[in-house]
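Have a look at the structure below, then the notes.
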Amino acid sequence: MEYKIELVNLSVYYGDFHALRNINMQIGAKTITALIGPSGCGKSTMLRTINRINELIDGTRIEGKILIDQKDIYHPKTDILQLRKKAGMVFQRPNCFPLSVYDNITYGPRVHGIKKKAELDEIVEKSLRATWLWDELKEKMKKSALSLSLEYQQRLCIARVLALGSEIILLDEPCSALDPITTLRIEELLVELKKDYTIIIVTHNMQQAARVSNYSGYMLMGELVEVNETSKIFTSPQDKRTEDYITGRFG
Amino acid sequence: MLKPIFWEQVMKKILFVGTAITVFILFFIIFYILKNGLAVVDMEFLLSSPKDFGRAGGIFPCIVGTIVLSLVAIIIATPLGVGTSIYLSEYTRESKLTSIIRFGTDCLAGIPSIIFGLFGFVLFVVYLGLGWSILSGGLTIAFMILPTIIRTSEEAIKSVPDYYREVSLSLGGTKWQTIVKVVLPSALPGIVTGIILGVARSIEETAIVIFTAGSVLRIPTSLFDSCRTMSVHFYILAREGISMENAYGTATILIITILLINAFAYWLMHRLMAKYS
Ligand SMILES: Nc1ncnc2c1ncn2[C@@H]1O[C@H](COP(=O)(O)OP(=O)(O)O)[C@@H](O)[C@H]1O
Ligand SMILES: [Mg+2]
């Protein structure tokens, strides 16, 4: 089987601090993988390393490889801008630009060179429909994105990534600023998006991992302790540490 | 021993008196100038040329001179200043070099304008042979207001939240796209404030203009012509005792111009802030 994303002996350092330790993981196309684990274990670092946004921090260094579609994304010849387009990120806090709804969504396509109004309009409609925002927002294209509710803003951030034409969506605790009901709606949305996209979601919420994901990985202090089908992780974890964490969290 | 509550009362009164004095002086100056000046101000005064060295007639050439000179200064200083601030805040790490540059701009900001005037005279008027001209004056004034524009723009750019940059880059934007499409629009209110402060300072400037742009009382027709600004006109009318009435009239227009610019800056800033945040 060919994997969409493969992490091969991946280590990440912040200066001398060893934040990800020799991670090996394969992720199939059109699946949702949840990363769980206590705060500070390296979940965000992992996502940010896949988008290559992490290297903007001074002193970061990686060892090992990340393959996307069998290509090493840290190869010197990699086009970083195209990579970031392919693997878009959604952050913890909704972080819309202080621009209109329309300009937020078209930001990505525009920086990648799409200029035609008709083409942009089509992208906007498509990504807003995919995130169930179209009916609500089609009359409010010129409204400032920051005037929307947090849920809508976060969905808009997802739409902004879809508009890029990403194939992979990396979500870093996307629901932590939202209430339980809106959280459920975002989860539903993710399950729907799985039909077309490969999704990795970081969450500290066990129930969320159990509800949305096909696969789950448990991380602890920079190590990927265990990764397996979600049902197996939650019912019969192989590693004692995973079991302790899950029973602790559920119990 | 006096009770703390007593001191509380005394301090409050002292601060109130201080504030009252400040406001009173401000209004007194404006009132005094307007009272003496408004009498001579009319359309004729604004739109006609001075006669007999300014004893009679209007100040039209000085209005033109002021506008053109400030415009030239701001057109030179804005790209240089904003460019420098972008370079300092987006393209360099904090280092010895950047703190030296910052220290340098701060020192530059503290240099009396008459010294800039002398420098501009030596460099532009004499050495580069530009003579007393709008170009010499504009260049020199640009150097004077550069530190203001650099510092205000830098502060504005620094206050743009880092996550805007991060999102833009994470979507595959280049650094330059990020600066142009995200950072600068968010920093715009601050940058514009700096530029307008610069405009106000170039309108007020007197010493530099006398040294570098001269004081010829004619409507300039090229960048190499000398010109006379309202500030210089006021100075000459008052200093040489030519006409106190017309001096006050000129001062009145000058003060009204500055008030209008400040009001415009205020309005523009609010508009921009409403748009981008
Ligand atoms: N910019 C940074 N510089 C130094 N250390 C960092 C930086 N970012 C994160 N770390 C460290 O790396 C570890 C993993 O962080 P992170 O990936 O944010 O964890 P998580 O998302 O699982 O909470 C933490 O111990 C954190 O302190
Ligand atoms: Mg995190």
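Just so we're on the same page: letters track the sequence lines, and every chain starts at 1.
Judged by the 6.0 Å and 45° rule, A:Arg93 forms no cation-pi pair with B:Tyr163.
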(message) What verdict does the side chain to side chain contact (heavy atoms under 4.5 Å, CB included) test give for A:Val101 and A:Lys142, after you've listed the backbone C-alpha separation in whole Å, the side-chain angles of each residue and the deciding distance to 0.1 Å?
(response) CA-CA 6 Å; A:Val101 169; A:Lys142 290 224 166 71; over 6 Å; no
(request) Could you check A:Ser176 against A:His204 for side-chain hydrogen bond (donor to acceptor under 3.5 Å, both in side chains), going step by step and ending with a plain yes or no? (result) CA-CA 9 Å; A:Ser176 60; A:His204 54 242; 5.8 Å; no
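Contact of A:Leu81 with chain B is made through backbone and side chain together, with heavy-atom distances under 4.5 Å. Only the side chain of A:Asp58 comes within contact range of chain B, with heavy atoms under 4.5 Å apart. For a residue to count as touching a neighbouring chain, one of its non-hydrogen atoms must lie under 4.5 Å from one of that chain's; by this rule A:Arg48 touches chain B with the side chain only. There is no contact between B:Arg165 and chain A, counting heavy-atom distances below 4.5 Å. With a 4.5 Å cut-off on non-hydrogen atoms, A:Asn51 touches chain B through its side chain but not through its backbone.
Of residues 102-118 of chain A, those residues lying under 4.5 Å from chain B by any heavy-atom pair are A:Tyr107, A:Arg110, A:Val111, A:His112. Below 4.5 Å, heavy atoms of chain B meet heavy atoms from A:Arg160, A:Val161, all part of residues 148-163 of chain A.
Taking the six-membered ring for Trp and thresholds of 30 and 60 degrees, B:Phe143 and B:Phe124 have nearly parallel ring planes, at less than 30 degrees apart. Ring geometry, B:Tyr91 versus B:Tyr87: the interplanar angle falls under 30°, so the pair is classed parallel (tilted spans 30 to 60°).
A:Asp69 CG to A:Glu6 CD: the interatomic distance, rounded to the nearest 0.5 Å, is 10.0 Å. From B:Arg201, atom CZ reaches atom CD1 of B:Ile196 across 15.5 Å, with rounding to the nearest 0.5 Å. The distance from the OG atom of B:Ser153 to the CG atom of B:Leu88 is 10.5 Å, given to the nearest 0.5 Å. Remark: B:Ile203 CD1 to B:Ile74 CD1 distance equals 9.0 Å, nearest 0.5 Å.
Partners of A:Glu173 under the salt bridge (Lys or Arg N to Asp or Glu O under 4.0 Å) rule, at least two apart in sequence or in another chain, do not exist in this structure. Partners of A:Arg61 under the salt bridge (Lys or Arg N to Asp or Glu O under 4.0 Å) rule, at least two apart in sequence or in another chain, are A:Glu63.
Contact check for B:Leu184 versus B:Leu188: no side-chain heavy atoms found under the 4.5 Å cut-off.
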